[in-house]
Protein chains: 2
Amino acid sequence: MADTGPDLEPEDRRRVVLKDVAALAGVSVKTVSNVVNGYVHVTPATRARVEAAIRELNYRPNLSARNLRQGRSGVIALAVPELDIPYFAELARLVVAAAEERSLTVLVDQTGGDRAREQLVAEGIRAHLIDGLIFSPLALTGEDLAARTDDTPMVLLGERIHHGPADHVVVRNVEAAREATLHLARLGRRRVAAIGAQDHPAAGTARLRLAGYREALAAAGLPADDGLVAPVAAYHRADGARAMARLLDRADPPDAVFCFNDLLALGALRTLLERGVDVPGDIAVAGFDDIEDGRYATPTLTTVAPDKEQLARRAVELLAERMAGAAPAAREIHVPHRLVVRESTAGRPARPAPDPAAAGRTS
Amino acid sequence: MADTGPDLEPEDRRRVVLKDVAALAGVSVKTVSNVVNGYVHVTPATRARVEAAIRELNYRPNLSARNLRQGRSGVIALAVPELDIPYFAELARLVVAAAEERSLTVLVDQTGGDRAREQLVAEGIRAHLIDGLIFSPLALTGEDLAARTDDTPMVLLGERIHHGPADHVVVRNVEAAREATLHLARLGRRRVAAIGAQDHPAAGTARLRLAGYREALAAAGLPADDGLVAPVAAYHRADGARAMARLLDRADPPDAVFCFNDLLALGALRTLLERGVDVPGDIAVAGFDDIEDGRYATPTLTTVAPDKEQLARRAVELLAERMAGAAPAAREIHVPHRLVVRESTAGRPARPAPDPAAAGRTS
DNA sequence: ATCGTTGTATACAACGTTGTAAAGACCTGG
DNA sequence: CCAGGTCTTTACAACGTTGTATACAACGAT
């Protein structure tokens with residue numbers, strides 16, 4: 001608090017700027033800038049002298065200044081509900097990696113799925129700090145997003161907002177849910193339950209997966225019993241565990257369950273185990289997302305595996321296009337998915353199983 | 001690519017800046033700035049006029065300019081090996097939350113545990129973009145860090161670098177590992193194995209936890225058998241699964257295993273399950289980190305639970321102090337931990353299969 | 001030798017913001 | 001009604017960088 005802080009050398013403390021390098025190298029500031037930016041027309045001799053000065057002073061460009069000058073920051077934000085939900089963590093890793101390939105830095109925002117916070121994000125809480133936004137909203141509706149005034153380029157992830165105003169990259173939720181449910185029906189299960197229904201208007205994922213589930217029941221000639229559709233407050237393990245318990249407490253429990261994400265399924269598995277219910281003998285379980293945990297669960301979890309790698313890559317790609325100035329109409333990109341059948345529906349493999357890492361995927 | 005892009009209105013496209021607001025409100029640029037920054041001496045009338053203009057134009061301050069002017073960005077970086085390792089994901093969430101309380105934005109860097117990348121991070125790859133760094137290095141040694149030339153404030157997380165040049169916030173690894181191992185010994189286990197030893201010089205965590213494990217064996221009067229110490233390449237489930245398989249293939253397999261983190265333990269559990277080994281009946285398993293997965297594993301996982309909340313909070317706190325200019329000597333802060341005993345050592349709870357906790361004492 | 005032509009280096013302004021210093025408006029008390 | 005103070009607002013400069021325009025040097029061709 002005292003003064004500007006001559007904690008160390010009074011002068012040396014200052015950050016090194018172009019001017020310092022220029023002085024040491026005996027050239028103009030702009031020449032140093034040119035060297036830093038790889039401008040072609042610089043004599044090898046000059047370049048060498050400048051580079052030596054840069055090294056000697058350990059010069060680092062001031063990004064704030066550069067950004068101010070250039071009007072962009074090279075930073076994009078990734079806004080997700082929570083980082084420690086495995087699906088989003090995996091996505092975050094992939095987005096950061098994809099962004100890096102384009103020399104973009106990722107700033108991570110956690111909305112907690114909270115509507116007010118999501119609105120702030122959409123409204124550009126980080127405006128001018130970021131050049132673009134990859135957003136995975138939970139609570140916002142299509143109208144909310146359409147009403148957005150901030151014009152930072154945005155790409156929506158993993159959620160389908162009908163006629164949204166922005167690009168979105170998604171998996172074919174209805175089809176995928178149908179495939180998973182049909183898989184359960186083809187095992188001969190007659191009472192296939194669903195865990196993960198949600199009421200509120202923004203619950204796009206829940207609605208689509210529920211639709212796929214119902215389509216599959218119809219296609220398989222099974223009756224639709226709304227008592228077998230378990231709503232949840234959120235998509236965490238605990239919700240899945242509770243929902244499973246409620247289903248088991250019914251007079252006519254299900255013989256299969258399709259959970260709208262893997263965390264719900266893992267919670268359900270836990271309840272089944274505690275109750276001594278055999279999986280998949282008594283009840284088969286399938287999930288959605290293919291998070292790593294599912295590959296090590298007991299039993300390993302059958303699940304819909306979206307191509308997350310591509311999800312991330314395409315999102316960054318679309319965003320980069322818009323950041324570069326392209327302004328096509330909102331696009332909807334679908335990434336592939338596949339059903340990965342594991343023990344929770346197919347049963348335990350023969351005794352000697354070598355490497356569990358090989359279960360399901362290349363790893 | 002064509003031109004600068006009159007995709008919309010040729011003029012309206014420009015971002016709104018202070019000047020625009022000032023013009024509309026009929027005041028000077030500085031007055032608008034004063035309003036934005038909550039400067040006290042502004043007439044209510046003026047303030048109202050300015051605020052109206054701000055709303056009308058939807059003005060957002062340009063952070064690059066503000067940062068340039070003020071010499072700081074309000075952004076800190078969190079550098080961790082991988083975001084989809086649950087421990088780091090949880091930590092990331094907590095750090096982001098703690099940072100938010102101080103109006104700091106977090107930028108996440110993934111090093112992959114790669115030495116070159118960690119060096120870049122330490123050397124200030126984001127210099128001038130960030131005001132501080134919270135770093136959880138995997139491959140760097142204390143010397144590497146001491147040799148760092150960048151002077152961005154830094155706090156090290158969860159890793160103990162001896163006599164490091166920076167603050168670090170850590171759990172008492174040796175003590176915690178000792179407690180966990182002693183817990184296994186007190187169950188009556190005689191052949192307690194360890195999974196997670198690592199050779200390379202930077203593996204501080206592995207070394208400390210191994211030391212704690214050995215101390216506990218000595219304290220319990222158990223012989224130290226190096227054949228029971230399983231090295232791993234990394235700390236993922238697959239490594240734990242493989243290491244467990246190797247231990248089981250020995251002529252004299254262990255009757256308990258202390259894994260140096262929960263992922264290793266989860267991998268080990270998977271192998272045990274596949275081999276039909278009863279946990280904790282035949283082999284008791286304990287981990288470290290208390291990640292959520294462990295609470296839903298089969299059986300639920302006994303583990304050392306570091307106070308991650310405090311870990312994150314203290315790290316941000318120390319960093320903020322240094323960013324504010326304080327320059328005390330490097331500090332080492334210890335956060336509390338506790339041993340959470342669950343089914344993997346205590347046995348299945350009574351619920352479904354009446355099975356008293358004493359089941360853990362079978363061997 | 002002179003003229004372009006190309007290649008190299010420079011000065012200056014500008015990006016949008018805020019700190020400084022100072023000017024203007026307004027009040028109080030003599 | 002004015003001196004002296006406080007409150008409010010302003011002009012200007014500066015943060016570090018890069019685009020533009022331009023000066024200067026070196027060159028081959030006339």
Side-chain angles (χ1 to χ4, degrees), chain A residues 3-4 13-51 53-54 57-75 124 126-131 152, chain B residues 3-4 13-51 53-54 57-75 124 126-131 152:
Chain A
D3 55 8
T4 46
R13 193 79 195 130
R14 234 186 63 256
R15 293 213 101 125
V16 176
V17 300
L18 281 182
K19 196 165 51 170
D20 305 319
V21 179
L24 180 58
V27 296
S28 79
V29 169
K30 188 66 214 287
T31 297
V32 180
S33 169
N34 285 339
V35 169
V36 170
N37 293 290
Y39 182 64
V40 203
H41 296 305
V42 179
T43 338
T46 311
R47 180 182 302 278
R49 207 144 31 91
V50 171
E51 280 170 346
I54 287 176
L57 298 177
N58 192 31
Y59 166 77
R60 306 294 169 85
N62 179 324
L63 296 192
S64 289
R66 179 177 285 177
N67 296 342
L68 171 59
R69 184 60 236 244
Q70 303 193 140
R72 53 199 177 70
S73 67
V75 176
R126 308 266 185 243
H128 283 295
L129 177 55
I130 59 170
D131 297 338
T152 306
Chain B
D3 55 7
T4 45
R13 194 81 194 128
R14 234 187 62 256
R15 293 215 101 124
V16 177
V17 299
L18 281 183
K19 197 166 49 169
D20 305 319
V21 179
L24 179 59
V27 297
S28 79
V29 169
K30 189 65 217 286
T31 297
V32 180
S33 168
N34 286 338
V35 170
V36 170
N37 293 290
Y39 181 65
V40 203
H41 296 305
V42 179
T43 338
T46 312
R47 182 182 301 279
R49 208 144 31 90
V50 170
E51 280 171 347
I54 287 177
L57 298 177
N58 192 30
Y59 165 77
R60 305 297 168 85
N62 180 323
L63 296 191
S64 289
R66 179 176 286 176
N67 297 341
L68 171 59
R69 184 60 236 243
Q70 304 192 336
R72 53 199 175 70
S73 66
V75 176
R126 309 267 185 242
H128 283 294
L129 176 56
I130 61 170
D131 297 338
T152 306

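Residue numbering restarts at 1 for every chain, and letters A, B, ... go by the order of the sequence lines. Only this structure's heavy atoms are used, side chains among them; waters, hydrogens and symmetry mates stay out.
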Is a side-chain donor or acceptor of [X] paired with a backbone partner of [Y] at a separation under 3.5 angstrom?
X	Y	answer
B:D20	B:V17	yes
B:S28	B:T31	yes
B:R72	B:D131	no

Exercise for the section: Mind running a 4.0 Å heavy-atom check of residues 22-33 of chain B against DNA chain D and sending the residues that fall below it, in number order? Expected result: B:V27, B:S28, B:K30, B:T31
Practice task
Mind running a 4.0 Å heavy-atom check of residues 35-43 of chain A against DNA chain D and sending the residues that fall below it, in number order?
Solution key: A:N37
Find the distance [X]:[atom1] to [N]:[atom2] and express it as a whole number of Å.
X	N	atom1	atom2	answer
B:R66	C:dG19	CZ	C1'	14 Å
B:K19	D:dA11	NZ	P	13 Å
B:L129	D:dT17	CG	C1'	15 Å
B:L68	C:dT17	CG	P	12 Å
A:L18	D:dG19	CG	P	12 Å
A:D131	C:dC15	CG	P	18 Å
A:N67	C:dT17	CG	P	14 Å
A:D20	D:dT17	CG	C1'	13 Å

If you round to the nearest 0.5 Å, how far is [atom2] of [Y] from [atom1] of [X]?
X	Y	atom1	atom2	result
B:T46	B:E51	OG1	CD	11.0 Å
A:N67	B:N67	CG	CG	9.0 Å
B:S73	B:L68	OG	CG	11.5 Å

Handout entry: Side-chain heavy-atom pair A:R66, A:L63 within 4.5 angstrom cut-off
Key = yes
Handout entry: Check against side-chain hydrogen bond (donor to acceptor under 3.5 Å, both in side chains), A:N58 and A:R60
Key = CA-CA 7 Å; A:N58 192 31; A:R60 306 294 169 85; 3.2 Å; yes
Problem - Proximal nucleotide (of C:dT17, D:dT18, D:dG16) relative to the A:V17 side chain - result: D:dG16
Problem - Contact nearer the 5' end of DNA chain D, comparing B:N34 with B:Q70 - result: B:N34
Exercise for the section: Determine the contact category for A:T46: base if any of its heavy atoms lies under 4.0 Å from a base atom, sugar-phosphate if only primed atoms, P, OP1 or OP2 are that close, otherwise nothing. Expected result: sugar-phosphate
Exercise for the section: Identify the two heavy atoms, one from A:V16 and one from A:L57, that lie closest to each other, and give their separation to 0.1 Å. Expected result: CG2-O, 3.4 Å
Problem - Under-4.0 Å side-chain N/O to phosphate OP1/OP2 contact, B:R69 with D:dA14 - result: no
